[in-house]
Amino acid sequence: MTAAILAHPATTRTMPHVAIAASACEVGGSAPLLRLWRSVPADAIADRDRVELRALLCAVTPLRVEHWREALAGDPAAAVAAALKLSGLDVLDTPRHDLVMSLVLLHALAGSDAARTTLAFVLQRRRYLGEDVERLIASWRRSDRAAIRRASIKALMEALS
């Protein structure tokens, strides 16, 4: 049995995430696509960037990210759940975290209050990396405190469901 397995020809497969990491996903000389969520305010993200980011995210499947397919299919609760599971300080600067947060970004741009609140929460955690994120946080937060609380509770409930 072992001989049959070892004799089987090896197959090679192109991994989409390798090509993405190599090109750094540059968009017209601006911030890399996967870092839009942590470098560009909500009102400054162009429709073209949304389309390119969506195409990029459809081309990859990150390892060890729960709810990816559901979030990609349009479920904002799945995107929030995936983001909250990856909100530890040790993963804030990883490509996998950028992928998940980019997906949350798309849901936030589509109007999900839970995704907007999750973006603001994760951006606050980037302060621990010494980044000035106040302008970005303000662009995602609602000005009404009650709306912020409702969205926070909704995001938590969606993540737990």
Side-chain angles (χ1 to χ4, degrees), residues 16-143 147-148 150-159:
H17 64 279
V18 174
I20 291 166
S23 68
C25 308
E26 291 292 330
V27 182
S30 64
L33 261 181
L34 292 179
R35 293 185 187 153
L36 282 176
W37 72 274
R38 59 176 155 136
S39 59
V40 180
D43 58 349
I45 298 174
D47 289 337
R48 179 181 56 88
D49 291 340
R50 281 189 208 191
V51 171
E52 289 179 14
L53 182 58
R54 175 89 177 144
L56 173 67
L57 295 176
C58 286
V60 299
T61 303
L63 297 174
R64 297 182 312 274
V65 174
E66 295 180 37
H67 315 296
W68 180 260
R69 288 185 181 150
E70 296 88 354
L72 201 54
D75 185 0
V80 167
L84 292 179
K85 287 184 181 200
L86 283 177
S87 63
L89 294 177
D90 57 328
V91 297
L92 286 180
D93 239 1
T94 63
R96 185 169 49 131
H97 191 252
D98 283 336
L99 281 168
V100 170
M101 292 311 299
S102 293
L103 192 51
V104 173
L105 170 77
L106 289 179
H107 286 286
L109 292 171
S112 169
D113 284 336
R116 292 176 71 92
T117 301
T118 303
L119 269 170
F121 167 74
V122 174
L123 284 166
Q124 276 185 325
R125 297 186 61 77
R126 294 195 66 80
R127 289 180 182 150
Y128 294 109
L129 300 175
E131 295 180 12
D132 180 21
V133 291
E134 292 304 318
R135 184 175 59 97
L136 292 172
I137 293 170
S139 76
W140 291 110
R141 277 218 170 119
R142 302 280 188 217
S143 57
I148 292 171
R150 280 192 303 273
S152 298
I153 291 170
K154 183 178 178 182
L156 182 59
M157 295 303 293
E158 288 179 357

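Taken to the nearest 0.5 Å, the CG atom of Asp75 stands 9.5 Å off from the NE2 atom of His67. Taken from CG in Leu105 to NE2 in His107, the straight-line distance is 10.0 Å, to the nearest 0.5 Å. Atoms CE and CZ, from Met101 and Arg38 in turn, are 10.5 Å apart once rounded to the nearest 0.5 Å. Note: Leu34 CG to Leu103 CG = 11.0 Å, rounded to the nearest 0.5 Å. Atom-to-atom distance recorded for Ser102:OG and Asp49:CG is 11.0 Å, nearest 0.5 angstrom. Rounded to the nearest 0.5 Å, atoms CH2 (Trp140) and CG (Asp43) are 9.0 Å apart.
Residues that satisfy the salt bridge (Lys or Arg N to Asp or Glu O under 4.0 Å) test with Arg69, not counting sequence neighbours, are absent from this structure. With sequence neighbours left out, the side chain to side chain contact (heavy atoms under 4.5 Å, CB included) criterion links Ala44 to Val40, Pro41. By the salt bridge (Lys or Arg N to Asp or Glu O under 4.0 Å) test, Arg50 pairs with Asp47, sequence neighbours left out.
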### Task
Evaluate side chain to side chain contact (heavy atoms under 4.5 Å, CB included) for Leu63 paired with Arg96, printing each intermediate quantity in order.
CA-CA 8 Å; Leu63 297 174; Arg96 185 169 49 131; 5.6 Å; no

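Taking every heavy atom of both residues into account, Arg116 and Ser139 meet most closely at NH2-O, 3.3 Å. The nearest pair of heavy atoms linking Ser39 to Arg135 is O-NH2, 4.4 Å. Heavy-atom minimum distance, Ala42 versus Leu109: O-CD2, 4.1 Å. Between Val133 and Arg126, the shortest heavy-atom contact is CG1-CB, 4.2 Å. Across all non-hydrogen atoms, the minimal contact from Ala83 to Val104 is CB-CG2, 3.7 Å. Across all their heavy atoms, Leu57 and Trp68 have their closest contact at O-CZ2, 3.6 Å.
No side-chain heavy atom of Leu136 sits less than 4.5 Å from a side-chain heavy atom of Trp37. Within the 4.5 Å cutoff, side-chain heavy atoms of His97 are placed close to those of Val122. Contact of the Lys85 side chain with the Arg64 side chain is not registered, since no non-hydrogen atoms from C-beta on lie closer than 4.5 Å.
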